[in-house]
Asker: 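There's a structure below that I have some questions on.
Basis for what follows: all heavy atoms, side chains included, without hydrogens, waters or symmetry-related copies. Below, chains carry the letters A, B, ... as their sequence lines are ordered, and counting in each starts from 1.
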Number of protein chains: 2
Amino acid sequence: MAKRPPDPANGNAPVARQVPMRDFSRSLPMSLLRAREAVMRQFRPKLREHGLTEQQWRILRALAAIEAAEVTELARTAFLLGPSLSRILRDLEARNLIERRTAKSDQRRSMVSISKDGVKLMASVAPSSEAIYAEITQRFGARKLAELQEMLGELEQSLAGLGAADGASAEE
Amino acid sequence: MAKRPPDPANGNAPVARQVPMRDFSRSLPMSLLRAREAVMRQFRPKLREHGLTEQQWRILRALAAIEAAEVTELARTAFLLGPSLSRILRDLEARNLIERRTAKSDQRRSMVSISKDGVKLMASVAPSSEAIYAEITQRFGARKLAELQEMLGELEQSLAGLGAADGASAEE
DNA sequence: TCGAGATACTTAACATGTTAAGTGACTGCG
DNA sequence: CGCAGTCACTTAACATGTTAAGTATCTCGA
């Protein structure tokens, strides 16, 4: 269906096109990528000062809110793939920011928790992080920010169960 | 076989600790990341069938719309960092999907353009890509999609010139 | 109880993100 | 001219994204 997508008033488009595709810079993936980059650009320098990457920070934050978590659960929470998480946990453990112990009931599972040093590091970064977030919120507008996140959640929902074999159906 | 009623809703350990931070999963960066991943998950398998990564596809699309571009210009258009682009161009050139020649007026500059093979490859992928995009548009709603992209653009704008990147601040 | 299959990670291999340093080519100023 | 500074990339080094294999453990049913 798609009755009629609003015609973008194509302001410039100075160059001739030979391929029938939407203007590349207006694609949804690009919009999302640029927006996210604009946001993360604000946080990265501060995290870097503390020797943390964005992903490492995500893991610490996720762990700070709970007693302990299995690796798979943590991967879901921090939105990281297993292999990435595996590497990062190895590193964080070596830096004594987290602790691990195998679950007694199932030797395959590893319970991960934040260490005292990890908590300390979080405490030293959180204020700056919150300040940056507050600045972003103020600039963009709290209401619009909430609206945006609502829409992002809806987008995620409307695409849930499209690409990945989730239930039954065919594989390929 | 082995039907296995997994336990996703496992009793788990909802132990919460009082930490003075927003709920991690509701942060703007995470919302943007998840939304983008939900979208890209739809495209990646098809691109992979054609031996292309998301970034390689971005470059080909960017090049298809113009005659030729300098590397720096291409990096801006495809939203890639110089080093990434450098590596990808090396690969794409080896696969004869693009062509390069140094500018006559300035030996430092390299002019990049898509090759015949590149155009052919694009033609073979574009239909599926557009179909997927249409499906996403339909599911989420064309109007909402336009709204979302508008907001993403505004977010980007409101953060422009905040990051301590170079540039003497202010505007231009 | 035993073994095929499932599960929970971990490794491997390759591609990109990210920052810093390197290389060759231009530019401006003396 | 000459050469220090800049520019346009490219390399390097390390971290993560992504898919495929590998390893150890656990589960279930014949």
Asker: In whole angstrom, give the distance that lies between atom CD of B/Glu54 and atom P of D/dT16.
Answerer: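 Rounding to the nearest Å, CD of B/Glu54 and P of D/dT16 are 19 Å apart.
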Asker: Taking atom P of D/dA8 as reference, at what distance in whole Å does atom CZ of B/Arg76 sit?
Answerer: 11 Å
Asker: What is the nucleic acid contact for B/Ser86, judged by heavy atoms within less than 4.0 Å: base, sugar-phosphate only, or nothing?
Answerer: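 If one applies the 4.0 Å heavy-atom cut-off, B/Ser86 turns out to touch a base.
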Asker: At 4.0 Å (heavy atoms only), tell me whether B/Glu70 reaches a base, stays on the sugar-phosphate, or touches nothing.
Answerer: sugar-phosphate
Asker: Of the nucleotides C/dT19, C/dT7, D/dA8, which has the atom closest to the A/Arg109 side chain?
Answerer: C/dT7
Asker: Where the side chain of B/Gln56 is defined as all heavy atoms beyond and including C-beta, which of D/dC9, C/dT16, D/dT19 is the nearest nucleotide?
Answerer: C/dT16
Asker: Return the value, rounded to whole Å, for the distance between atom CD1 of A/Ile88 and atom P of D/dC14.
Answerer: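 Whole-Å distance recorded here is 17 Å.
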Asker: Of the options C/dT11, D/dT18, C/dG17, whose atoms approach the side-chain atoms of A/Arg87 most closely?
Answerer: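 The answer is D/dT18, which lies nearest to the side chain.
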Asker: Expressed as a whole number of angstroms, how long is the span from B/Leu89:CG to C/dA15:P?
Answerer: 15 Å
Asker: Look at B/Arg100 and D/dT10 and indicate whether a side-chain polar atom (N or O) is within less than 4.0 Å of OP1 or OP2.
Answerer: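 Yes, such a contact exists.
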Asker: Hey, does B/Ser84 reach any base, or is it just sugar-phosphate, or nothing, if we go heavy atoms under 4.0 Å?
Answerer: base
Asker: Indicate the atoms forming the closest heavy-atom contact of A/Trp57 with A/Leu52, along with that distance.
Answerer: CE3-CD1, 3.9 Å
Asker: Counting side-chain heavy atoms from CB outward, which of D/dA8, D/dT25, D/dG17 is closest to A/Gln107?
Answerer: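 Between D/dA8, D/dT25, D/dG17, the one nearest the side chain of A/Gln107 would be D/dT25.
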Asker: For B/Asp91 and B/Ser105, find the nucleotide of DNA chain C closest to each by heavy atoms; which residue's nucleotide sits nearer the 5' end?
Answerer: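 Looking at DNA chain C, the more 5' nearest nucleotide goes with B/Asp91.
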Asker: Would you indicate, yes or no, if C/dT18 has its OP1 or OP2 atom less than 4.0 angstrom from a side-chain nitrogen or oxygen of A/Thr53?
Answerer: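 No, no such contact exists.
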Asker: Can you tell me how far C1' of C/dT11 sits from CZ of A/Arg90, to the nearest Å?
Answerer: 9 Å
Asker: Atom CD of A/Gln55 to atom P of C/dT18: distance rounded to whole Å?
Answerer: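 In whole Å, C/dT18 P lies 9 Å from A/Gln55 CD.
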Asker: CG of B/Leu81 versus P of D/dT11: gap in Å, rounded?
Answerer: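 Spelled out: CG on B/Leu81 to P on D/dT11 is 17 Å.
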Asker: Which of the following nucleotides, C/dC9, C/dA6, C/dT16, is nearest to the side chain of A/Arg108?
Answerer: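 Output: C/dA6.
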Asker: Look at the side-chain heavy atoms of Ile, Leu, Val, Met, Phe, Trp and Tyr, link any pair under 4.5 Å apart, and say whether B/Val119 and B/Met111 land in one connected group.
Answerer: no
Asker: In whole Å, what is the span from the CH2 atom of A/Trp57 to the C1' atom of D/dT16?
Answerer: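 Value for this atom pair: 19 Å.
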Asker: Carefully, step by step, assess B/Glu147 and B/Arg143 under the rule salt bridge (charged side-chain N to carboxylate O under 4.0 Å, His left out).
Answerer: CA-CA 6 Å; B/Glu147 265 181 65; B/Arg143 177 157 331 189; over 6 Å; no
Asker: Shortest non-hydrogen contact from A/Asn96 to A/Ser115?
Answerer: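 In this case the closest contact between A/Asn96 and A/Ser115 is O-OG, 2.7 Å.
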Asker: Between C/dA15, C/dC9, D/dT10, which one does the side chain of A/Ser110 approach most closely?
Answerer: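 Closest nucleotide to the A/Ser110 side chain: C/dC9.
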Asker: How is A/Leu80 classified with respect to the nucleic acid when contacts are heavy atoms under 4.0 Å: base, sugar-phosphate, or nothing?
Answerer: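 A/Leu80: backbone/sugar contact only, no base atoms under 4.0 Å.
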Asker: At their closest point, which heavy atom of B/Arg95 faces which heavy atom of B/His50, and how far apart are they?
Answerer: NH2-O, 4.3 Å
Asker: Kindly point out which of D/dT18, D/dG17, C/dT19 is positioned nearest to the side chain of A/Arg44?
Answerer: C/dT19
Asker: Ignoring hydrogens, what is the shortest heavy-atom contact between A/Leu60 and A/Met122? Give both atom names and the distance.
Answerer: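 Smallest heavy-atom distance, with atoms named: O-SD, 3.4 Å.
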Asker: Under 4.0 Å, counting only non-hydrogen atoms across every strand here, what does B/Leu85 touch: a base, just sugar-phosphate, or nothing?
Answerer: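 B/Leu85: no heavy atom of the nucleic acid under 4.0 Å.
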